[in-house]
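One structure is given here, and the rest of the page talks about it.
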Amino acid sequence: MTITLYDFELSGNCYKLRLLMSILKLRYNIVPVDFYPDRQHKADWFLRLNPFGQLPVLKDDDLILSDSGAILAYLAKKYDESGQWFPNDPAVTAEVLRWHAVADDITSTASAARLALGFFYDFDIEKAQKGAHRIFRLMDEHLWFGEREGRDWLCSPDHPTTADIACFPYVMLSEEGGISRQDYPALRRWTDRVRRIPGFMVMSGIFPAGRAAEES
Amino acid sequence: MTLSLSDPTWYPIASSDDLPFRHVYQGQLLGRELAVWRADDGNVNVWENRCLHRGVRLSIGINEGGELKCQYHGWRYANRSAGCTYIPAHPADAPARRIQNRTYPVREAYGLIWSAANDEQAFRPFAGAEGHDWFALRPMPVNAAPEDVLAALAGLAPDDQPADLLPGLAVRFGGTWYFVQPVDAGRAVIRGLLREQPADAVATLRHYNETLSKLRDRLERAAARKPAPEPLQPTFEKLSADLATMPDIAIPRGNTITVVVRRKWTSADGVIGFELAARNGHLPTFQPGAHIDLHLPNGMTRQYSITNGPGELMSYIIGVKQESASKGGSKVLVETVREGDLLSISEPRNNFPLRRDAVRTVLIAGGIGITPLLSMARFLDKSALPYELHYFTRAGEQVAFRGDLEALHGKVILHTGLPRAEIGTTIASALGQWSMAQHVYVCGPGPMLETVRDTATAQGWPEESIHFEYFRNDKVIDNSSAFDVELARSAMTLHVPSGKTIMEVMRDAGLTVPSSCEQGACGTCLTTVIEGEVDHQDVYLNRSEKASNTCMMTCVSRAKSARLVLDI
């Protein structure tokens, strides 16, 4: 098997795949795609890989896949022998997919604000920021009650799933879009937990958390 | 009502549950952002949310248990004092003691963390606080003016049970207390407390959460129709120029601190432990390897290394060797000082700083020399940095601080009762061949220091990778010169003849000069030089400090020029 990731270093959606592949200890090649400023994701050669003109794209031997959430599910189902990252249980699968959809909403709000502020995209910044705050509020409430009910992650299993990977990057990068997480303490604590998953890796703007070792 | 930046009222700023193990919470009170973190000893720190170095938020930093590490350039600050304990860009230096972040008063009570913009008011429990098992609700941030939030909360009270408005933006009705945290002019957090634990905690939390969410939505719709209030504009104090640059050397300021002997115990055969506690609050920041001067009842001053780990500032623990009574110092301490006695100590000084950028750190202790190395091991331990601690004693009963050593997670190797010849080979294999970024720290008797230095050098360890602290100056002092000293502050000029030290001449003239070892090893008599060329003969100052010609030890060093001007 040869996995190739068509990647932009500063993309949170590409980072989702780097993160899961790091956790699953998968080896892969990277083809850098200059999303900014060169807009190579709209170049002919790239559109032949993904007509939607979006990063990331992943090639596994001859199979070409796009959409970060779909690729997360593919990698987990194919390469995660533990079966924990994308569980087979129908109810849990539905839960995971529900949060994959939230992850897309986070992309269209928090990530859009970041693109507007950092990459000069012509988006409605205020609308994007408000949208992100609305989602973060719901996530904070969900995670706060989770802590009371013994649930550390977005979905009900007692371990993280691709839902956590999918939602994590643009939550962590929200301040680059002018979206503070000060009002979301449970969301902030969840980002600590994600950053303590064995095999976690960083990207520009996403820092490591302290260890939670020697708890006594 | 308008909010004031200087409002001294205590407000809740977080729930106790918001501060789990090794987390850094981001808060705000009256326009000032806060980094809030609980150390492993349970203490809660409320600090200004910016690193003194480049202003980056400390709330994205790393809680290392006893220190908070800034994410940007790795400056570390100590639990309780917020004093800087390490600067990675100056790995071989101890940061100046006065580098200290802004802290705010803090109290943890009734399931909440309380703080205030200044310490003008002592913390007082709210009326009716005592005697109940308080239950904290889910905090509810609201984008509305705090006074509007308070009014709306009062409106939640049923008609037959009107709300009591309490001091400090609080309201009560029935068994429910609501506190409004004034985050900023247009932002607040509702922090509710129930007077007793409910039967079904989660159902109760969900019920109140729903009520408060609706209240929040209503308040935010109303706030959106009004012009947004101007946010508070806190001013950030600028750093002084001497803080913004690394000092060449820290001149001791001669301040002493009174401590209580809280505990005195036999730590091992021949080693007495002393716990020296602050009388109120905490003791000053120290770095691993630091020592204090202990002013003894008989007028003598002796140096003892601090054995504590990071952020342990409520007391310093030192170890005193029982029979080292050569000049009567330790003898007085061991024989006459009792628990409950008051002693005077200096602020901590560090001539033995620990680098935290090594790929391998070897700590070698002989006998009582364990004390600074125990502190170093504890710091490395908390940061999960690798180290090997070799501790040589003549017999197993002489192993001091055994329980503390057993609590370490790193490699601790006890070498007891080795014959002299074997000590050398053991040190040689403990050191191994040097490679990049390896450092060795040694503290112990003179011959052991020499063995480690010689062996390390023979095995390729460069001078700057071998760290030790002199407790004795073995150089032959050349006291043949004769010169004049002008004491700038005392308006006196004295002649120093050959055969006499500057210190002796000053004392003959009636001046009080602090000293301890009087052989150029301890640093007690460090003096600022204003003019003249110094003939350094001490082992306390390093090469660059000597070359700076700005300070000297008056107990052994002399003048190359005919005249010296000292800041005395």
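Per chain, numbering begins at 1; letters A, B, ... match sequence-line order.
Atom CD of B:Gln197 sits in a crowded spot, with more than 12 heavy atoms from other residues, nucleotides or ligands closer than 6.0 Å. Heavy-atom contacts from other residues, nucleotides or ligands closer than 6.0 Å to OH of A:Tyr36 number more than 12. Atom CG of A:Asn88 has 12 or fewer heavy atoms from other residues, nucleotides or ligands within 6.0 Å. For A:Phe119, the CZ atom sits in a packed shell: over 12 heavy atoms of surrounding residues, nucleotides or ligands are nearer than 6.0 Å. Counting heavy-atom neighbours within 6.0 Å of B:Lys214 NZ, excluding the residue itself, gives a total of 12 or less. Atom NZ of A:Lys127 has 12 or fewer heavy atoms from other residues, nucleotides or ligands within 6.0 Å. Residue B:Asp200 qualifies as enclosed at atom CG: its count of foreign heavy atoms under 6.0 Å is above 12.
With a 4.5 angstrom heavy-atom cutoff, A:Arg193 does not touch chain B via any of its atoms. Contacts between B:Ser59 and chain A at a heavy-atom distance below 4.5 Å involve backbone atoms as well as side-chain atoms. At a 4.5 Å heavy-atom cutoff, the contact between B:Ala384 and chain A is made by backbone and side-chain atoms alike. Residue contact with chain A, scored on non-hydrogen atoms closer than 4.5 Å, involves the side chain of B:Val183 exclusively.
Interface remark: of the candidates B:Glu33, B:Arg187, B:Lys69, B:Arg187 forms the most heavy-atom pairs closer than 4.5 Å to chain A. Among B:Ile60, B:Val189, B:Asn63, B:Asn209, the residue making the largest number of heavy-atom pairs under 4.5 Å with chain A is B:Asn209. Ranked by non-hydrogen atom pairs under 4.5 Å with chain B, the options A:Arg181, A:Glu149, A:Glu147 are led by A:Glu149.
Between A:Gln182 and B:Arg57, the side chains place no donor N or O within less than 3.5 Å of an acceptor N or O (distance only, hydrogens not considered).
B:Arg138 and A:Asp140 are joined by a salt bridge, as a carboxylate oxygen and a charged side-chain nitrogen come within less than 4.0 angstrom of each other. Of the charged side-chain nitrogens involved, none lies within less than 4.0 Å of a carboxylate oxygen, so that A:Asp192 and B:Arg22 do not count as a salt-bridged pair. Here A:Arg137 pairs with B:Glu220 in a salt bridge; the nearest charged N to carboxylate O distance falls below 4.0 Å.
Minimum interatomic distance between B:Ser213 and A:Glu141 (heavy atoms only, all atoms of both residues): OG-OE2, 4.1 Å. In this structure, B:Gln71 and A:Pro208 approach most closely via the heavy-atom pair NE2-O, 3.4 Å. Considering all non-hydrogen atoms of both residues, B:Asp18 and A:Pro185 come closest at OD1-CB, 3.8 Å.
Proximity of A:Trp144 to B:Pro139: side-chain heavy atoms (C-beta onward) are separated by under 4.5 Å at one or more points. For the pair B:Asn143 and A:His133, the minimum side-chain heavy-atom distance is 4.5 Å or more.
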Yes or no on side-chain contact (heavy atoms from CB on, under 4.5 Å) for B:Asp17 and A:Arg148, after CA distance, side-chain angles and deciding distance? CA-CA 10 Å; B:Asp17 292 347; A:Arg148 299 292 162 306; 3.2 Å; yes
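Under the 3.5 Å distance criterion, the side-chain polar atoms of A:Arg188 are matched with a main-chain donor or acceptor of B:Val24.
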